[in-house]
Amino acid sequence: MLVISYIREHREEVIERLAIKNFTNVALIDEILKLDDERRAIKKQCDETLAGLNNNARVIGDLYKQGKAAEANELKAKNNEMKDLAKTLNDRLEELQQVIQTKLVEIPNTPRIDVPKGTSAADNVNVHQEGEMPQLYEGAKPHWELLSQYNLADFDLGNKVTGAGFPFYKGKGAKLQRALINFFLDEASAAGYNETQPPVVVNEASAYATGQLPDKEAQMYAVPLDGFYLIPTAEVPLTNMFRDTIVKEEQLPIKTVGYSNCFRREAGSYGKNVRGLNRLHQFDKVEIVEIANPVGSYDRLEAMKNHVAGLLRKLELPFRILHLCGGDMSFTSATTYDFEVWSAAQQLWLEVSSVSNFETFQANRLKLRFKDKNGNIQLVHTLNGSALALPRIVAALLEDHQTPEGILIPKALQKYTGFDIIS
RNA sequence: GGAGAUAUGGCUGAGUGGUCGAUAGCGGCGGUCUUGAAAACCGUUAAGCCGAAAGGCUUCGGGGGUUCGAAUCCCUCUGUCUCCGCCA
């Protein structure tokens with residue numbers, strides 16, 4: 001959620017930056033500003049009325065002490081009238097605040113000024129690419145065939161027990177999953193992230209604070225009896241840890257890593273995008289979250305990118321980094337880089353990580369702030385990234401490292417798997 | 001799941017209807033003293049909103065109510081603790 005005072009004071013700049021995201025509803029912005037003007041005027045009136053009431057209450061008390069009951073009663077009657085006015089004003093104030101809030105959350109985050117213009121994934125800018133794209137031998141297979149050939153995962157069994165998109169991992173497939181999780185967590189710890197194991201269900205307030213609610217409700221599985229939601233990413237609990245808190249400047253940056261199952265309904269997905277491990281309803285992910293000082297937060301973003309790139313390098317997977325254009329980045333992000341690995345048999349780039357700086361957009365909703373050296377309280381910047389999402393990594397590992405003899409496990413992972421080939 | 005207790009500022013802990021945003025201690029910050037530090041002493045130390053400022057308003061777990069006036073009384077929800085039950 002944007003900071004309304006910032007919009008008020010930088011209207012032109014906000015409009016210009018939102019245009020990068022192809023958001024051109026200037027009327028909405030002006031409507032919010034107009035409502036805010038009214039809000040402030042009503043607020044003033046309301047406060048003055050309340051001040052009068054408070055003052056009278058004090059006078060009434062004094063009058064009683066002096067034994068002047070008649071005068072006190074007179075003033076009481078007057079106060080009762082003023083209370084009606086205060087109530088009316090306060091109701092209007094609350095109504096305005098609510099309306100402003102619901103309209104404000106419809107405005108996306110302002111992209112950083114250097115975000116590429118564009119309308120779709122085709123306009124994303126490839127800023128980095130490395131690793132050799134393997135030339136597969138005759139008879140090489142897509143990962144879903146490899147999964148069943150080596151008995152690594154069972155989709156039919158998942159269908160029976162739960163439904164589509166909930167596979168069982170088995171044997172070396174299950175061990176590979178576990179190895180990757182441990183590998184990612186260890187790498188993150190070594191990079192200074194505090195390991196955390198978060199709850200995988202969260203309450204409504206948390207889902208709201210990180211922006212899953214109100215408009216992405218259909219993407220989440222819900223537990224209506226208890227008012228809970230299954231998390232679509234560990235970002236939700238890992239960021240909500242810091243909801244409604246004020247940290248000290250010297251504590252920044254606060255770096256957290258957590259592994260979790262992630263649950264996504266993925267309503268509307270179909271076809272080759274959901275084939276095999278490409279898109280699941282339940283998957284595993286290690287997420288890194290950083291609470292940063294606004295000064296230097298883009299250096300922190302670079303550090304996150306380097307961390308993710310290092311993981312892919314150690315897994316010996318060819319990858320590229322895309323600077324997402326305005327039209328393809330998320331509602332809440334100010335800058336996003338996507339990491340994609342090359343899926344050699346599918347001949348597809350698969351997104352395995354999305355690293356973003358949200359600047360103050362999330363922090364404003366979270367009420368996550370820090371006290372600077374002068375004692376001023378400011379919103380922090382929040383950043384997060386996947387490091388990494390498992391299924392597509394598994395897909396790429398299987399496809400890119402397949403040989404006629406079996407699937408070769410990258411060196412860095414072998415101490416975690418305990419085997420160097422799946423055959 | 002049943003019964004009882006409890007919820008106050010960074011922490012501990014007073015406060016049962018009238019200048020209470022709140023006594024006190026600890027912690028933090030600033031200062032005096034000191035070559036320096038410690039001790040001692042003095043001062044300072046919650047957040048949000050409106051306002052150029054002065055200042056005003058709101059907030060004592062959340063919500064609602066009684067009253068001219070609520071941290072204080074009533075209702076309700078939630079969390080925590082203790083006992084019982086169940087249980088990985």
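The sequence lines fix the lettering, A, B, ..., with proteins before strands; numbering per chain opens at 1. Basis for what follows: all heavy atoms, side chains included, without hydrogens, waters or symmetry-related copies.
- Applying the salt bridge (charged side-chain N to carboxylate O under 4.0 Å, His left out) criterion to A/Lys305, with sequence neighbours excluded, gives A/Glu302.
- Classification of A/Glu250 and A/Lys248 as a salt-bridged pair fails, no side-chain N sitting under 4.0 Å from a carboxylate O.
- A cation-pi arrangement is present between A/Lys172 and A/Phe419, with the terminal nitrogen or guanidinium carbon under 6.0 Å from the aromatic centre and inside a 45° cone about the axis.
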Quick one: side chains of residues 19-26 of chain A, donor-acceptor pairs under 3.5 Å with protein atoms, not counting sequence neighbours, listed by atom name and distance.
from: A/Lys21; atom 1: NZ; to: A/Asn109; atom 2: O; distance (Å): 3.1
from: A/Lys21; atom 1: NZ; to: A/Ser330; atom 2: O; distance (Å): 2.8
from: A/Lys21; atom 1: NZ; to: A/Phe331; atom 2: O; distance (Å): 3.0
from: A/Lys21; atom 1: NZ; to: A/Ser333; atom 2: O; distance (Å): 2.8
from: A/Asn22; atom 1: ND2; to: A/Gly118; atom 2: O; distance (Å): 3.0
from: A/Asn25; atom 1: OD1; to: A/Leu28; atom 2: N; distance (Å): 3.0

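- Separation of the C1' atoms belonging to B/A40 and B/A47 is 34 Å when rounded to the nearest angstrom.
- Under the Watson-Crick or G-U wobble criterion, with both distances below 3.5 Å, B/C73 is paired with B/G65.
- For the segment residues 83-90 of chain A, the set of residues with a heavy atom within less than 4.0 Å of an atom of RNA chain B comprises A/Lys83, in numerical order.
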Just list the side-chain donor-acceptor pairs under 3.5 Å for residues 151-170 of chain A, sequence neighbours left out, or say none.
from: A/Asp154; atom 1: OD1; to: A/Asp156; atom 2: N; distance (Å): 3.1
from: A/Asp154; atom 1: OD1; to: A/Leu157; atom 2: N; distance (Å): 2.9
from: A/Asn159; atom 1: OD1; to: A/Ala164; atom 2: N; distance (Å): 3.0

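- The gap from the P atom of B/G43 to that of B/A53 amounts to 29 Å, rounded to the nearest Å.
- Here A/Asn80 lies in heavy-atom contact (under 4.0 Å) with sugar-phosphate atoms only.
- Toward the 5′ end of RNA chain B lies the nearest nucleotide of A/Lys44, the other residue of the pair A/Lys44 and A/Lys76 mapping further downstream.
- Judged as a salt bridge (charged side-chain N to carboxylate O under 4.0 Å, His left out), and not counting sequence neighbours, the contacts of A/Glu340 are A/Arg320.
- Distance check on atom C1': B/A71 versus B/G18 gives 14 Å, rounded to whole Å.
- Reading RNA chain B from its 5' end, the first and the last nucleotide to sit under 4.0 Å from a heavy atom of chain A are B/G18 to B/G69.
- Here, B/G9 and B/G48 have their C1' atoms 15 Å apart, quoted to the whole Å.
- Comparing B/U16 with B/G69, their C1' atoms sit 15 Å apart, to the nearest whole Å.
- Remark: the separation of the P atoms in B/U59 and B/A70 is 9 Å, to the nearest Å.
- Annotation: side-chain hydrogen bond (donor to acceptor under 3.5 Å, both in side chains) contacts of A/Thr210 (sequence neighbours excluded): A/Gln212, A/Asn240.
- Taking atom C1' on both nucleotides, B/A38 is separated from B/U32 by 15 Å, rounded to a whole Å.
- Base-pair partner of B/A7: B/U78 (Watson-Crick or G-U wobble, both distances under 3.5 Å).
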Please tabulate, for side-chain N and O atoms in residues 191-201 of chain A, each donor-acceptor pair with protein atoms closer than 3.5 Å (sequence neighbours left out).
from: A/Tyr193; atom 1: OH; to: A/Glu290; atom 2: OE1; distance (Å): 3.3
from: A/Asn194; atom 1: ND2; to: A/Lys255; atom 2: O; distance (Å): 3.4
from: A/Thr196; atom 1: OG1; to: A/Asn194; atom 2: O; distance (Å): 3.3

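- When the C1' atom is used for both B/U78 and B/A22, the distance is 25 Å, rounded to whole Å.
- A salt bridge links A/Glu95 to A/Arg92: one of the charged nitrogens lies within less than 4.0 Å of a carboxylate oxygen.
- Checked against side-chain hydrogen bond (donor to acceptor under 3.5 Å, both in side chains), A/Gln98 has no partners two or more places apart in sequence or in another chain.
- Of the residues in residues 49-61 of chain A, those with a non-hydrogen atom less than 4.0 angstrom from any atom of RNA chain B are A/Leu50, A/Ala51, A/Asn54, A/Ala57, A/Ile60, A/Gly61.
- Under the Watson-Crick or G-U wobble criterion, with both distances below 3.5 Å, B/G1 is paired with B/C84.
- The list of ring pair (Phe, Tyr, Trp, His ring centres under 6.0 Å) pairs with a residue in residues 171-190 of chain A, not counting sequence neighbours, reads A/Phe183-A/Tyr416.
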Show me, pair by pair, the donor-acceptor contacts under 3.5 angstrom made by side chains of residues 74-84 of chain A, not counting sequence neighbours?
from: A/Lys76; atom 1: NZ; to: A/Tyr64; atom 2: OH; distance (Å): 2.9
from: A/Asn79; atom 1: OD1; to: A/Asn56; atom 2: ND2; distance (Å): 2.9

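- Searching all strands for a Watson-Crick or G-U wobble partner of B/U34 with both distances below 3.5 Å returns nothing.
- Pairing for B/G21 is absent, judged as Watson-Crick or G-U wobble with the two contacts each under 3.5 Å.
- Across every strand in view, B/C29 sits in a pair with B/G43 that passes the Watson-Crick or G-U test at under 3.5 angstrom.
- Residue A/Lys371 is in sugar-phosphate contact alone, with no base atom involved, counting any heavy-atom pair closer than 4.0 Å across all strands shown.
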